[in-house]
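What follows is a short report on a single structure.
Just so it is clear: chains get the letters A, B, ... in the order the sequence lines come, proteins before strands, and each one is counted from 1.
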Amino acid sequence: MPGISPLSFALLLEQLLNGLQLGVMLFLMAAGLTLIFGVMGVINLAHGALYMIGAFACAAVAAATGSYWLGLAAALTAAAAAGALIEATILRRLYGRDHLEQVLATFALILIISEGTRWIFGGFPLFLDVPPLLQGAAPLPGGGAYPIYRLAIIGVGAAAALGLHLLISRTRLGMRIRAGESDREMIGALGVEIGRLYTLVFALGAALAGLAGGMIGALQSVQVGMGEPMLILAFVVIVIGGIGSIWGALVGAVLVGVVDTMGRFLLPKAFALAYPPSEASAMGAAVASLLIYLLMAVILALRPQGLFGAPSR
Amino acid sequence: MTSGFMLRSALGLLLAATAPAAIQAAPLKIGMITTLSGAGAGLGVDARDAFALALKQANNPEATLIVEDDAQKPELAVQIADKMIQSDGVDVLTGIIWSNLAMAVVPNAVDQEIFYLSVNAGPSALAGANCHENYFNVAYQNDNFHEAMGQYAAETYKNTLIMAPNYPAGLDALTGFKRYYTGELAGEIHTQVGQSDYAAEIAQIRASGADSVFFFLPGGMGIAFLKQYAQSGVEIPLIGPGFSFSQDVLPAVGDAALGVRNSASWSPDLENEASRAFVEAFKAEYGRLPSIYAAQAWDTANLLLSAQAKADVKDPEAFRAALKEADFASVRGKFGFNHNNHPIQDIYVREVAKLEDGTLTNRIVAKAFEDRGDAYAEACKLP
Amino acid sequence: MKSLISASPREAAANLAILALLILGPWAALSAGHPFYVTLATKAAILALAATGLHLALGLGGLVSFGHAAFFGLGGYAAGILATHAGSGEALIFGWAGSREILLMICAAMGLALLAALPIGAISLRTSGVYFLMITLAFAQMIYYFALSWPAYGGDDGLSFRRGIFPGLNSARPLPFFWICLGALLIGLAIFQILRASRFGTALEATRQNPQRVEALGIEPFGLRLTAFALSAMMVGAAGALFANLNRFASPSMLSWQMSGELIMLILLGGRGRLLGPTAGALLFVAMEHVLGGWTERWQFFLGLAVLGVAVFARGGFLGLIAGGRRDG
């Protein structure tokens, strides 16, 4: 029957993996945003532009050298460098100022980076392919198959989450980051070079966005404007998880990823029980596009500070 | 060497054909509103380049062109149209790529007794009861390519799954396909506009048991879907309208597009004199193959020049009649206007293939429709 | 009191210059044979009204909403839907087939904006600061996606309609329509000024500067803020209705997050906390868009540079540069 495909175990598993993979991408974006906010109190609208820089650097270097891996390294480097540059030349002047001015400055950065990228690379999307090592699909239990590259993305995301956890809980840099989050003046009194710490944190957040951009570039169209939809989803993630909390970003990202994917998959089927298939599909898609925002509204109505956010702020 | 010679002779031919026009034509001021910045800039750049090249080759000092960027924003397009009409005094507007921008600009422009010639986009709302004597579509009616794919699928497949974004052009695409498709539907999926990840949809395709997948995902959406589909291990053949396989997106899709059947009114390998000359001239000037948008813009420019040679635009009756004759060498071979001022043309089935130098392009494999008009013409009251 | 009259002499002079430019400019342009400048000035006046509306929440209340495009777009759709039904004769509600009266469209737009602002505000105002910013953004996105995928009124194609009518004026012509929009802007500015000088405005500014103290005085900040948010949404909605009438078109792009960003940009560009700050910002923005856009297709790059310069170096915006000093209001 049109519109209804069997709800097999393999299909469910595949959709669950899809949700997880989207969640992992969102985590890489949200972690950087939330880290930067936690340490410096800056809201960075240009985070999506850094993601785009990662994708363009990856595509350009991969095209020039023929190696995806060099491209990915370039994505990390370019995004981190852009992040450090933005921090050192512009955002540094805005610490301690109103959020409004940070919003304006980073909004302007979106315009500058987007149009600048188009200036350099032209209006056509760039090509970036999955590396030969990760081509194709792997069999799933229950008879399905799943792209190896997406499995790799899930792996990289999990590794990044673990690495970030270790970095923050086990290293000197992490200690300073934690100190910076709890008390900005104290860390200065301790003699930590705040300027360098801030640049480093910003570059780290940017590198995570660049990594996400470089990886997603092989699956999507590498084009100007690709970052902003991700940015808005990442906002939803950190609002749900609690701003400033890495753990909250992880939980929020997986929640949003799974809910969004499952909504797009299951809602049309649910509507199909009551409506003809074509209408059901359209209605299901319409509701699915609102689902994560509804989720956010419900969570905020119950817990205004998000799932893992500190109550005061 | 050979190609260089051919190019020169082709140019010579074109110049000879349009030379008399340069002497007697009355002034014609053309305003082009198109997308030169933002995500969809590639399409507008191709349209502008082809249009400008056609005017340059005609070497007609009485035809002047001003171009402005609409950034794919309907509000900005309306504002530019107002400016071109009120301040620049254009006689003709053209260039809009997207249906939603056309819907914003065209009704108001033609109400102000300006001619509008569409280089792309043919929303159904302007083809039927709301057709207008000053609105000429030189591209296609939006449903045409989808209908052609429906016709092709009806001949080739039995159980097709269809997919498009959940917005008017997407729903029109599915309607157009179903108008000619006679087999079973394995499913119907509506995606989000601007969606960039299709994993959930691909999983459903895998589980659907379909023997083919028809999809309409313009711009970056199609690029993302094709790349992800190629990695998914799903082997069900894809078919779709030519937009996702046009020369502007093929380089970004890469080999994932190879072999896909798609529909369009033109292809770079179409066998006729005008098309060959156009492809050579475009390649020589810009160093890339032209897309379908370039081809349509080229035809639009030449149609305008042909009308200008026959009538003064200040005499709308005569100019309208001259446009309607469509007396120009179309790169599509046969080209004429229906009574609703939309094209009657052939629609082809093409296949994505690779040239010797590695460039991806399209090759015609079949003709889906001969002399196709559109489904809405009947409702149009024009004579 | 920070008012038009008691502002510093230089600011008062700048204010007069801005108003004179807005009132005399289009008239002069028309006499000089450049009717298009009337359309540009109309756009500036409408954007100024929208930015003044946002300024109520953002300037007086300190509520940094990144989602006011929602109300702008809803206002546009209210106008478009009324006009479409009036055009087709199809009943809209209780057998009533809409209307082409611009005044009625504005009322409907304000009503719709109010209906949306109350629940959005009630949830969003439970939070503050950056949370508030992101939540309002997310709500606006929700409405954006709804408009995009709801086919009845055009979805992504938007809604094309004929410009509404106005008693005693031929609104189809550029200059009369400009007078309508200018009148709306002047009313909006007057409302802003009256509210700011009222007890409500004083209390609202106090909740921004020192919420604890206001609570100690027995005033509930939540109610004040929700009122400010709703009033602000209504004014933005009215601007949206005029904007749709200007373009004879309403579309989801009026609801996009870029639109929300632009509205904030207008306020800061002109000068936050000043009565005519948003108006100056709107004039500046429209002028830059026009001049830069005619000069290069990379105009957004240079616009970005200019805005960045304002954010980093000119904290008081354009009026701050002229009048000197910085306003927190």
Geometric donor-acceptor pairs, no angle filter, chain B-chain C, under 3.5 Å:
from, atom 1, to, atom 2, distance (Å)
Arg48(B), NH1, Glu297(C), OE1, 3.3
Glu75(B), OE1, Ser253(C), OG, 2.7
Glu75(B), OE2, Ser251(C), OG, 3.1
Glu75(B), OE2, Ser253(C), OG, 3.2
Gln79(B), OE1, Lys43(C), NZ, 2.7
Asp82(B), OD1, Arg248(C), NH2, 3.1
Asp82(B), OD2, Arg248(C), NH2, 3.2
Gln86(B), OE1, Thr39(C), OG1, 3.2
Asn100(B), ND2, Asp156(C), O, 3.4
Met103(B), O, Ser160(C), OG, 2.9

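Aromatic ring pairs are classed by plane angle as parallel below 30°, tilted from 30° to 60° and perpendicular above 60°; the pair Phe216(B) and Phe243(B) is perpendicular.
The minimum heavy-atom distance linking Ala71(B) with Leu76(B) is given by the pair CB-CD2, 4.1 Å.
With sequence neighbours left out, the side chain to side chain contact (heavy atoms under 4.5 Å, CB included) criterion links Ala238(C) to Ile106(C), Met110(C). Every residue two or more places apart in sequence or in another chain that forms a side chain to side chain contact (heavy atoms under 4.5 Å, CB included) with Leu112(C) is listed here: Leu74(C), Ala78(C).
Among pairs with a residue in residues 128-141 of chain B, those fulfilling salt bridge (charged side-chain N to carboxylate O under 4.0 Å, His left out) read Glu133(B)-Arg320(B), at least two apart in sequence or across chains.
If you measure heavy-atom distances from Leu159(C) to chain B, you find no contacts under 4.5 Å at all. Using a 4.5 Å cut-off between heavy atoms, Leu101(B) does not touch chain C at all.
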Pair Leu255(C), Leu148(C) - check side-chain contact (heavy atoms from CB on, under 4.5 Å), show working.
CA-CA 10 Å; Leu255(C) 293 158; Leu148(C) 214 57; over 6 Å; no
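Evaluated for a side-chain contact (heavy atoms from CB on, under 4.5 Å) with Cys380(B), the options Asn341(B), Asn340(B), Asp374(B) yield exactly one hit, Asn340(B).
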